Amino acid sequence: GGIRRIATRALPRIAHEPTSETGLRHVDGTISMTRMEPGTAMGDFFITIGAIPSMDARSGEPGFAAFGRVVEGMDVVRRILAAPTVANAGRGAMRGQMIEAPVRIVSARRAP
């Protein structure tokens with residue numbers, strides 16, 4: 001989700017905050033920043049389905065910056081995961097995972 005790499009919507013590059021510093025982990029429902037290299041995140045994010053410890057920082061690997069967690073609505077996240085995809089869209093790990101119709105985020109808020 002996020003800005004979909006649309007330059008006019010890009011935020012200034014976001015400093016990388018590895019899980020080794022924040023203590024957050026990539027468990028079911030974690031919200032994390034996408035990036036090419038550490039410090040290049042500009043507004044795109046992903047939500048994990050299930051635990052993905054390989055995305056956490058470890059010796060010699062910076063991992064991805066987890067910054068939140070879905071606290072309600074994982075059923076919606078799972079329905080998004082099941083949405084039809086465009087076979088050849090996306091690059092690298094995202095190839096074939098781009099959904100046909102973007103999902104509009106209507107609201108998000110910081111939980112107490």
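On a predicted model such as this, the values are computed, not experimentally measured, just so you know. Note that the numbering runs from 1 along the sequence shown for the chain.
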State plainly whether one hydrophobic cluster holds both M98 and I105, where clusters connect Ile, Leu, Val, Met, Phe, Trp and Tyr through side-chain heavy atoms under 4.5 angstrom apart. no
Which hydrophobic side chains are connected to V27, either touching it within the sub-4.5 Å cutoff or through other members that do? none
Tell me which donor-acceptor pairs under 3.5 Å the side chains of residues 71-88 have, and how far apart each pair is, sequence neighbours excluded?
residue : atom : partner : partner atom : Å
R78     : NH2  : D28     : OD1          : 3.3
R78     : NH2  : D28     : OD2          : 2.9
T85     : OG1  : G96     : O            : 3.3

What pairs meet the salt bridge (Lys or Arg N to Asp or Glu O under 4.0 Å) rule with one or both residues in residues 10-25, with sequence neighbours excluded? none
Are M33 and V70 linked, directly or through intermediate hydrophobic residues, by side-chain heavy-atom contacts shorter than 4.5 Å (ILVMFWY only)? yes
What pairs of residues pass the salt bridge (Lys or Arg N to Asp or Glu O under 4.0 Å) test when at least one of them lies in residues 96-108, not counting sequence neighbours? none
List the atom of A66, the atom of T22, and the distance in Å for their closest heavy-atom pair. O-OG1, 4.5 Å
Sequence neighbours left out, what pairs pass ring pair (Phe, Tyr, Trp, His ring centres under 6.0 Å) with at least one residue falling in residues 3-50? F46-F64
Summary of side-chain hydrogen bond (donor to acceptor under 3.5 Å, both in side chains) pairs that have at least one residue in residues 35-55, sequence neighbours excluded: none
Non-neighbouring partners of A51 that pass side-chain contact (heavy atoms from CB on, under 4.5 Å), sequence neighbours left out: P53
Connecting only ILVMFWY residues whose side-chain heavy atoms lie within less than 4.5 Å of each other, what is the rest of L24's hydrophobic cluster? none
What are the two closest heavy atoms between P62 and P18, and how far apart are they? O-CB, 3.7 Å
Can you run down the ring pair (Phe, Tyr, Trp, His ring centres under 6.0 Å) pairs that involve residues 67-88, sequence neighbours left out, and say none if there aren't any? none
